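Computed from a predicted structure; not experimentally measured.
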Amino acid sequence: MALFALKSQSLLRLSDKNAISSISILVKEREKLAKQIALLKTEIKANLVQLFPEMLKNINVFTMSILNLLLKAPSACAIRGFRQKNIDKNIVLY
């Protein structure tokens, strides 16, 4: 950042008080959202430990494929009812 500031001195200007206060509001909101996301992920993991204990050990449960599969089949019984074709269609392995 220091090198950028040094090379771009002519483009940079000091911020006024209003800009700084609006940025601080955005930073606080971002931190609040980050905490909410962390709490939700912790809750999802806690539920998955009970429903699918092997899932957390073997795969990243926060990929879109796994989250979509869990939305469509939120229990072990529901997944058992899926055919392999349905599971393959919902999970994209990378």
Side-chain angles (χ1 to χ4, degrees):
M1 289 176 94
L3 287 175
F4 172 77
L6 185 63
K7 290 183 179 182
S8 306
Q9 283 179 351
S10 62
L11 300 174
L12 299 176
R13 58 181 162 71
L14 295 175
S15 297
D16 61 354
K17 207 169 195 174
N18 290 335
I20 292 173
S21 66
S22 64
I23 289 173
S24 66
I25 291 170
L26 289 174
V27 168
K28 287 178 185 177
E29 186 65 26
R30 184 186 181 282
E31 289 174 359
K32 191 168 86 173
L33 288 172
K35 285 180 184 178
Q36 288 175 348
I37 290 169
L39 288 172
L40 285 172
K41 283 185 172 185
T42 302
E43 187 177 336
I44 289 169
K45 285 181 179 180
N47 290 332
L48 285 175
V49 164
Q50 294 177 356
L51 293 172
F52 308 108
E54 68 284 350
M55 189 178 275
L56 280 175
K57 296 175 192 170
N58 299 319
I59 59 173
N60 178 4
V61 296
F62 296 111
T63 62
M64 289 306 295
S65 298
I66 297 300
L67 291 173
N68 283 330
L69 177 66
L70 291 171
L71 279 173
K72 292 180 182 174
S75 70
C77 292
I79 287 182
R80 260 188 239 118
F82 268 27
R83 293 185 174 167
Q84 185 65 41
K85 186 178 181 181
N86 290 345
I87 294 173
D88 290 343
K89 189 167 55 172
N90 287 296
I91 296 179
V92 178
L93 298 175
Y94 296 97

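- No path of Ile, Leu, Val, Met, Phe, Trp and Tyr side chains, each step under 4.5 Å between heavy atoms, connects I37 with F62, placing them in separate hydrophobic clusters.
- Considering all non-hydrogen atoms of both residues, M55 and I66 come closest at SD-CG2, 4.2 Å.
- The CZ atom of F52 lies 7.5 Å from the CG atom of L69; values are rounded to the nearest 0.5 Å.
- Residues forming a salt bridge (Lys or Arg N to Asp or Glu O under 4.0 Å) with K32 (at least two apart in sequence, or on another chain): E29.
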Legend entry - Worked verdict on L70 versus L48 for side-chain contact (heavy atoms from CB on, under 4.5 Å): CA-CA 10 Å; L70 291 171; L48 285 175; 3.9 Å; yes
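- R30 is linked by a side-chain contact (heavy atoms from CB on, under 4.5 Å) to nothing, counting only residues two or more places apart in sequence or in another chain.
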Inset, instruction - Start with the C-alpha gap between F82 and R80, add the side-chain angles, then the distance that decides, and say whether side-chain contact (heavy atoms from CB on, under 4.5 Å) holds. - result: CA-CA 5 Å; F82 268 27; R80 260 188 239 118; over 6 Å; no
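- Other residues, nucleotides and ligands place more than 12 heavy atoms under 6.0 Å from the CD atom of Q36.
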